[in-house]
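These notes are about the structure you will find just below.
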There are 2 protein chains.
Amino acid sequence: MRALHHPSRKSLTLTQVLYALSDPVRLAIVKHLAEDGGKACGTFCLPVAKSTASHHFRVLREAGVIEMQSEGTQCINSLRREDLDARFPGLLDSVLRASDPL
Amino acid sequence: MRALHHPSRKSLTLTQVLYALSDPVRLAIVKHLAEDGGKACGTFCLPVAKSTASHHFRVLREAGVIEMQSEGTQCINSLRREDLDARFPGLLDSVLRASDPL
DNA sequence: TCAATTGTTCTATTGTTTACGAACAATGGA
DNA sequence: TCCATTGTTCGTAAACAATAGAACAATTGA
């Protein structure tokens with residue numbers, strides 16, 4: 001697996017983050033990661049094909065919402081909480097809270 | 001002007017709101033309305049054609065982010081702050097705050 | 001080495017979004 | 001009534017996004 005690009009904290013943009021979070025599949029991923037981080041892509045039960053899931057993980061990564069690390073054949077995902085909180089204080093929390101009853 | 005449909009507070013969805021806010025033009029509209037509400041569509045200096053602006057106002061309205069009221073030939077816009085705060089506490093504030101240095 | 005696992009990339013399809021100009025509708029003032 | 005103002009709708013084009021299947025790459029274990 002080649003090196004994955006992650007945007008720097010500074011280069012995160014609000015509109016891109018909001019867009020990344022505005023898809024139900026991606027929001028579900030973020031919710032799961034908020035509950036327990038460090039999960040491999042395959043451990044999410046997503047209602048889409050593997051290739052589509054890969055696309056959604058990529059959108060989240062490129063928006064700076066998640067971090068992906070290769071770990072053997074799988075890749076471990078985690079929320080970029082600190083970066084998001086630093087750049088957009090309160091945003092992630094309010095989104096997670098708002099998505100609770102989902 | 002015919003009656004404009006506004007979704008009820010209950011029917012607002014997080015993903016729809018996030019999507020509505022994820023466009024730079026729409027975010028600019030929301031920012032302006034947060035500073036001074038009750039502005040007509042024409043008072044916004046937007047970098048798009050009239051018809052395109054109309055589209056963006058509509059997306060915001062249908063997501064439940066803004067309220068539009070006919071007032072003569074113009075239409076007065078305002079943020080649905082109470083509804084948004086009730087449904088998604090802290091979300092609007094964090095978005096507005098995050099968009100400050102924009 | 002071979003096969004299984006995990007995820008990415010490529011290609012294609014389908015539908016959505018953004019955008020604009022032109023035409024239209026509604027209102028209000030001259 | 002006529003005209004200006006304001007905003008919506010329509011038709012259309014270009015760009016983008018979500019989806020899936022097939023092929024591919026990297027790793028791990030047998």
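Throughout, a chain's letter reflects where its sequence line sits, starting with A, and its residues are numbered from 1. Since we're looking at a predicted model, the values are computed, not measured. Computed from heavy atoms alone, side chains included, the values below leave out hydrogens, waters and symmetry copies.
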Compile the donor-acceptor pairs under 3.5 Å between side chains in residues 38-60 of chain A and protein atoms, sequence neighbours left out, one pair per line.
| residue | atom | partner | partner atom | Å |
| --- | --- | --- | --- | --- |
| Thr43(A) | OG1 | Ala40(A) | O | 2.7 |
| His56(A) | ND1 | Arg26(A) | NH1 | 3.1 |
| Arg58(A) | NE | Glu62(A) | OE2 | 3.3 |

Would you indicate whether the side-chain heavy atoms of Val17(A) and Leu92(A) approach each other to under 4.5 Å?
no

To the nearest angstrom, the CZ-P distance between Phe57(A) and dG7(C) comes to 8 Å

Sorted by position of nearest nucleotide on DNA chain D, 5' first, the leading residue of Ala53(A) and Ala40(B) is Ala40(B)

What I'd like to find out is whether the side chain of Ser11(B) reaches to under 4.5 Å of the side chain of Gln16(B), using heavy atoms alone.
no

To the nearest angstrom, how far is Glu62(A) atom CD from dT9(C) atom P?
9 Å

Rounded to whole Å, the CZ-C1' distance (Arg58(B) to dC10(D)) equals 11 Å

Round to a whole Å and report the spacing from CD1 of Ile29(A) to C1' of dA18(D).
13 Å

Protein proximity profile, nucleotides 15-23 of chain C - base contact B, sugar-phosphate-only contact S, no contact -, cut-off 4.0 Å on heavy atoms
--SSBBBB-

Do Glu67(A) and Arg61(A) come close enough that some side-chain heavy atom pair is under 4.5 Å?
no

Using OP1 and OP2 only, check whether a side-chain N or O of Thr73(A) sits under 4.0 Å from dT6(C).
no

In whole angstroms, the gap separating P of dT8(D) from CD of Gln69(B) amounts to 14 Å

